Peer 1: 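Quick one: this structure, given as structure tokens, is what I'll be asking you about.
By convention in this document, chain letters (A, B, ...) are assigned in the order of the sequence lines, proteins followed by strands, and residues within each chain are numbered from 1. Small disclaimer: the values here were computed from a predicted structure and weren't measured.
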Amino acid sequence: MRILRSTKVVVGLSLLAFFVLLAVVGPFVAPHAPDWQANTTSGVPQPPSSHFWFGTTQKQEDVFSQVLAGGRDTLLISLLAGLIASALSILIGVSAGYFGGVVDEVLSVLSNIFLALPGLLILMVVMKPLPPQDTSNPFLIGGVIALTAWAWGARVLRAQTLSLRNQDYVESARVIGERSPRVIVFEILPNLLPILASSFIFTVIYGIGAYVSLTWLGVIGVPSGVVTWGTMLNVSQASGSLISGWWWWYVPPALCVAGVGIALALLNFGIDEIVNPRLTSARTGRGSGVKFRLGLTPVLQSAPTKGDAK
Amino acid sequence: MTTPTTETTPRVVHGPKRPGTPALEARNLTKHFPVHQFRGRQVVHAVEDISLALPEGTVTAVVGESGSGKSTLARLLTQLITPTSGELLLDGKPVGTSARERRAYTSQVHLVLQDPFSSLNGVHSVRYHLERPLKLHRKPGRGELDALAKSLLERVALSPAENYIDKFPHELSGGQRQRVAIARGLAVQPRVLLADEPVSMLDVSIRLGVLNLLDDLRERERLAILYVTHDIASARYLADTVVVMYAGQVVESGPATQITDSPAHPYTQLLLSAAPDPSRTEPVELRGRGAPPSLVDPPSGCRFHPRCPFAMAVCKETAPPALPAGGDQVAACWLLSPDHAPTTAADATPSATDE
Amino acid sequence: MTASGHLGEPVLEIRDLCVDYGVGKKAVRAITDATLTLHRGEVLGLAGESGSGKSTLAYALTRLLRAPGVITGGQVLFHSRPQGSDTTRTVDLLAAGVEELRVVRWSELSVVFQSAMHALNPVARIDAQLTDMLKVHRRKMTAEQRKERAIELLRMVGITSDRLLSYPHELSGGMRQRVMIAMALALEPQVVLMDEPTTALDVVTQREILEELMQLRQRLGFAVIFITHDLSLLIELADSIAIMYAGRIVERGGAQELFHSPRHPYTLGLINSFPALHGEKVRMEGIPGSPPALTSLPGGCAFHPRCTFALDRCSEEIPVLQRPVADSDGTERTAACWLQTDGQTVPQQLALPASAKLPAPRGEAAGAELPEPDGSIK
């Protein structure tokens with residue numbers, strides 16, 4: 001497959017696969033339950049040792065197990081947020097771009113309003129009063145995060161639809177007699193896939209950021225016993241890890257969040273390169289030993305002499 | 001030539017003269033596009049009062065420069081754009097504008113576009129492009145679809161069809177793509193095929209192949225073909241009748257060889273002298289410099305008068321009707337009118353030309 | 001309006017130029033062994049279709065070819081004799097460094113690009129574009145002098161001084177192209193390269209601009225390399241023409257000679273791809289097939305799959321540019337075709353006498369006429 005030829009995509013996908021595997025399988029292979037306590041006497045987190053690879057928390061819970069268990073909710077919620085936001089942005093953005101006129105005006109006003117709203121603040125305001133049972137419902141949280149994220153994708157899709165709408169093949173489809181819904185779904189949408197993919201990945205990254213931030217800030221409570229990377233950061237900070245130097249408590253979850261973000265970003269760059277081949281390194285000459293300078297075409301004098309048959 | 005009507009001025013219908021009802025007829029087509037400007041509402045007079053008849057088994061060429069309105073005319077004929085006034089008749093019967101009638105119209109009239117690189121959707125195979133119109137209009141049985149699609153490819157000389165049917169547009173050359181676009185048009189079994197600059201973006205050596213294909217289709221399938229182009233040489237090659245447009249109006253029309261051998265309208269003469277001609281022995285003398293006028297505020301009277309080397313006083317006041325210029329040729333020029341023609345050659349002095 | 005056959009001394013000599021796209025294993029050969037000579041005051045036309053390499057050649061000469069274009073062989077000798085000087089200085093443009101190129105470029109060799117809309121700075125006014133360029137190349141001029149020169153140049157191409165303060169988007173396509181020509185001629189170069197300068201323009205504007213250009217050439221005496229796919233235009237315009245196919249030059253000769261007596265089957269086919277404006281209407285066939293992609297060229301002569309006269313030899317060996325057997329010694333004509341070598345019987349259409357002045361009727365030159373279907377009106 002052409003997609004796998006890009007190193008960025010391969011690295012990004014592998015990294016992402018690793019974390020997804022972690023999230024799915026983690027809780028089962030973890031040596032302990034995330035809220036299991038080694039003992040209840042000590043109040044000081046233990047550094048990494050052969051018993052506890054990532055050390056323990058203040059309550060003597062195994063950090064390693066917590067990291068393994070903490071990915072599931074994070075990834076699930078951001079994935080949901082990405083899916084719901086993408087669905088919304090397709091519906092609104094493509095309709096606005098294709099139909100134009102009043103439809104476009106109304107939908108654009110709608111997207112502009114949502115764009116202007118400060119996402120994180122809204123999320124905090126909406127989520128804070130909710131009881132912990134609701135806030136652990138991934139669909140609800142994913143949905144609310146999606147509501148603050150769809151508008152950007154909708155603008156981008158609208159712009160792209162506007163330019164695609166004037167393509168000759170859209171005109172040809174109408175000349176044959178295709179109806180509008182068919183034209184949108186079968187002629188325009190397939191050509192929007194690269195942008196859609198990119199927008200989806202962006203939204204997932206945003207979703208991770210939003211969810212981790214919200215749990216870190218303590219806006220979203222979780223039912224007792226449930227651990228996510230965000231709550232680990234929350235608890236470790238509240239317990240004074242930064243001051244006391246208990247790095248094994250907050251560094252692993254932070255690295256995991258960063259790791260997923262990097263994986264997704266690499267995937268995004270890789271898709272960009274495939275869609276726009278000019279961005280690839282091969283064309284800029286890196287690594288081939290030849291320096292390309294604008295206005296000074298390189299001369300190699302390596303051609304075989306005249307008369308060579310091909 | 002002039003159709004007697006109840007209107008005060010007889011309407012001239014351009015196009016090849018054949019007995020019987022033409023496949024497609026346009027009467028007094030006019031299109032004004034609204035322009036949003038700060039000072040009130042203005043319109044672009046893109047197409048002004050054109051009547052055209054396309055009989056089956058003929059090719060009519062519409063020649064003009066950019067801004068002449070030829071592409072707008074083609075789109076008016078497909079109903080992609082609704083006219084400001086005027087009507088269309090298919091086989092003599094007026095064409096309706098309801099959604100259902102429009103869809104029925106799409107099975108009768110097809111438009112082939114200029115750019116072979118964007119007229120086919122890159123994500124779909126050739127098979128998809130051919131099967132869609134078949135499913136929409138012909139509704140074939142289960143086994144027939146594949147056979148029909150392949151026969152379409154054979155009709156446009158993309159043979160053997162198996163080699164092409166599952167390819168994607170980026171795997172085909174420009175000429176092959178244009179043939180697929182034409183095959184797609186044939187799938188609906190139209191009466192009329194309109195082609196807007198179908199070969200301008202193709203390599204020179206393959207243009208004639210596509211033009212010859214259009215000629216074969218005219219002959220074999222008795223299509224009425226409209227060929228829109230800026231290249232008067234290829235118009236002469238392919239068409240029976242050439243219609244010359246300038247600034248939204250028809251300035252001259254007539255049999256193809258007649259128009260190029262003895263053009264009556266000064267604009268046609270200008271076009272012919274400007275066109276490249278390798279067998280020309282004398283240097284070119286361009287009479288009538290300048291650029292086409294703005295269509296928002298076109299010149300009064302004859303729209304060509306600011307550039308015309310033979311402009312007279314009447315040209316500025318009244319727009320000339322289409323006057324006979326010998327045989328089936330007509331030109332909208334006061335020079336052809338016995339009342340206004342200059343009496344001596346000395347009267348026809350080129351006016352001062354400046355940009 | 002071609003020059004009356006006066007050929008001065010060579011001003012630009014291209015020898016065995018080779019250009020690739022990309023480096024290493026994936027490199028695609030775009031131009032092979034291109035050899036051309038441009039003489040002072042001459043109009044040389046370069047004709048070809050997609051993949052022929054004509055634009056690549058022009059940009060490679062001036063080292064303006066973009067990545068991943070790489071020049072892999074040959075020489076480009078520019079014999080420069082600036083105005084008023086008697087000595088000729090020869091520069092190998094391929095071996096030159098940045099400084100030397102800067103001296104040559106624009107003041108001695110300039111380029112008119114294909115699309116003026118993209119070559120002009122959209123946020124700079126017309127006079128500023130000209131004066132900026134003068135500032136760089138003629139440091140000794142004062143601001144007043146630059147402004148005057150800009151006005152003079154624009155008047156030379158037919159733009160009135162009230163347009164000086166316009167932005168490019170306020171001008172029509174024809175006027176923008178005229179501004180490009182003014183910029184290209186500002187420093188009175190000896191050679192001007194024009195890459196499809198009028199393709200995007202209407203036929204009347206095209207004719208006007210080319211007329212003005214030829215008048216300027218008579219006045220200022222520069223040589224022109226004119227690149228286009230429109231061979232019919234070149235025959236009227238150029239003194240000599242080089243035809244390119246799949247990265248090689250396949251025929252060279254005087255414009256009128258080439259038109260009346262082509263030597264290469266591709267040239268014959270190209271000439272027969274342009275319908276005539278006058279004379280009898282006959283069915284013409286163009287050339288079957290389509291130009292090959294540079295990544296998958298046929299073996300031997302790249303044209304042989306489309307050639308009606310192909311020999312066995314044509315699919316194995318690449319023909320070399322040489323004097324056609326149908327022409328006598330001392331001719332400037334060259335063609336790369338095995339049909340034109342000693343011992344071959346040359347088909348009649350490719351062996352027409354070079355001195356024929358009367359145009360042969362199109363029907364004969366094209367070969368057998370197809371019978372017309374009954375009832376067709378042609």
Peer 1: Which value, rounded to the nearest 0.5 Å, describes the distance between Thr241(B) atom OG1 and Gln258(B) atom CD?
Peer 2: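 Between Thr241(B) OG1 and Gln258(B) CD, I get 10.0 Å after rounding to 0.5 Å.
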
Peer 1: Where do Tyr237(B) and Val282(C) come nearest, in terms of heavy atoms and distance?
Peer 2: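 Taking Tyr237(B) first and Val282(C) second, the nearest heavy atoms are CE1-O, 3.3 Å.
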
Peer 1: Considering only heavy atoms, which portion of Ser66(B) lies under 4.5 Å from any heavy atom of chain C: side chain, backbone, both, or neither?
Peer 2: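 Backbone plus side chain of Ser66(B), per the 4.5 Å heavy-atom cut-off to chain C.
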
Peer 1: Under a 4.5 Å heavy-atom cutoff, which of Asp231(B), Thr58(B), Thr260(B) has the most pairs with chain C?
Peer 2: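 Max contact count across the listed options: Thr260(B).
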
Peer 1: Please rank Ala233(B), Ser205(B), Gly57(B) by heavy-atom pairs under 4.5 Å with chain C and give me the top one.
Peer 2: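 Looking at each option in turn, the highest pair count goes to Ser205(B).
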
Peer 1: Select one option (side chain, backbone, both, neither) describing which atoms of Val284(B) are under 4.5 Å from chain C's heavy atoms.
Peer 2: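 Both the backbone and the side chain of Val284(B) come within 4.5 Å of chain C.
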
Peer 1: Tell me, side chain or backbone of Ala235(B) under 4.5 Å from chain C's heavy atoms, or both, or neither?
Peer 2: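 No part of it gets close to chain C.
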
Peer 1: Taking all non-hydrogen atoms of both residues into account, name the closest pair between Leu258(C) and Gly253(C) and its distance.
Peer 2: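 That would be CD1-N, 3.9 Å.
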
Peer 1: Can you see which heavy atom on Ile159(C) is nearest to which on Arg163(C), and at what distance?
Peer 2: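 Scanning both residues completely, I find the closest heavy atoms to be CG2-CB, 3.6 Å.
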
Peer 1: Going by the angle between their ring planes, with limits at 30° and 60°, are Tyr246(B) and Phe304(B) parallel, tilted or perpendicular?
Peer 2: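 The rings of Tyr246(B) and Phe304(B) stand perpendicular, inter-plane angle above 60°.
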
Peer 1: If you count every heavy atom of other residues, nucleotides or ligands that lies below 6.0 Å from Arg155(C) atom CZ, does the total exceed 12?
Peer 2: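 For Arg155(C), atom CZ is not crowded (no more than 12 foreign heavy atoms under 6.0 Å).
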
Peer 1: Looking only at non-hydrogen atoms, find the nearest pair between Leu297(C) and Pro292(C) and report the distance.
Peer 2: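 Nearest pair, atom of Leu297(C) first, then Pro292(C): CD2-CG, 3.8 Å.
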
Peer 1: Do Leu158(B) and Gln176(B) have side chains that get closer than 4.5 Å, going by heavy atoms?
Peer 2: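 Side-chain contact under 4.5 Å: yes.
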
Peer 1: For Arg236(B), is it the side chain, the backbone, both or neither that has a heavy atom under 4.5 Å from a heavy atom of chain C?
Peer 2: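 Backbone plus side chain of Arg236(B), per the 4.5 Å heavy-atom cut-off to chain C.
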
Peer 1: Does anything in residues 262-273 of chain B get under 4.5 Å of chain C by heavy atoms, and if so which residues?
Peer 2: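 Listed by number, the contacting residues are Leu270(B), Leu271(B), Leu272(B), Ser273(B).
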
Peer 1: How close do Val204(C) and Leu286(B) get, heavy atom to heavy atom, and via which atoms?
Peer 2: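 Answer, listing the atom of Val204(C) first, then Leu286(B): O-CD1, 4.2 Å.
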
Peer 1: Between chain C and each of Gly209(B), Gly174(B), Ala275(B), Pro292(B), count heavy-atom pairs under 4.5 Å; write down the option with the most.
Peer 2: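 Heavy-atom pair counts peak at Ala275(B).
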
Peer 1: Among Ser232(C), Pro291(C), Gly174(C), who wins on heavy-atom pairs under 4.5 Å with chain B?
Peer 2: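 Answer, by heavy-atom pair count under 4.5 Å with chain B: Ser232(C).
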
Peer 1: Which heavy atom of Ser55(C) sits nearest a heavy atom of Asp195(C), and at what distance?
Peer 2: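 Heavy atoms of Ser55(C) and Asp195(C) come nearest at OG-OD1, 3.1 Å.
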
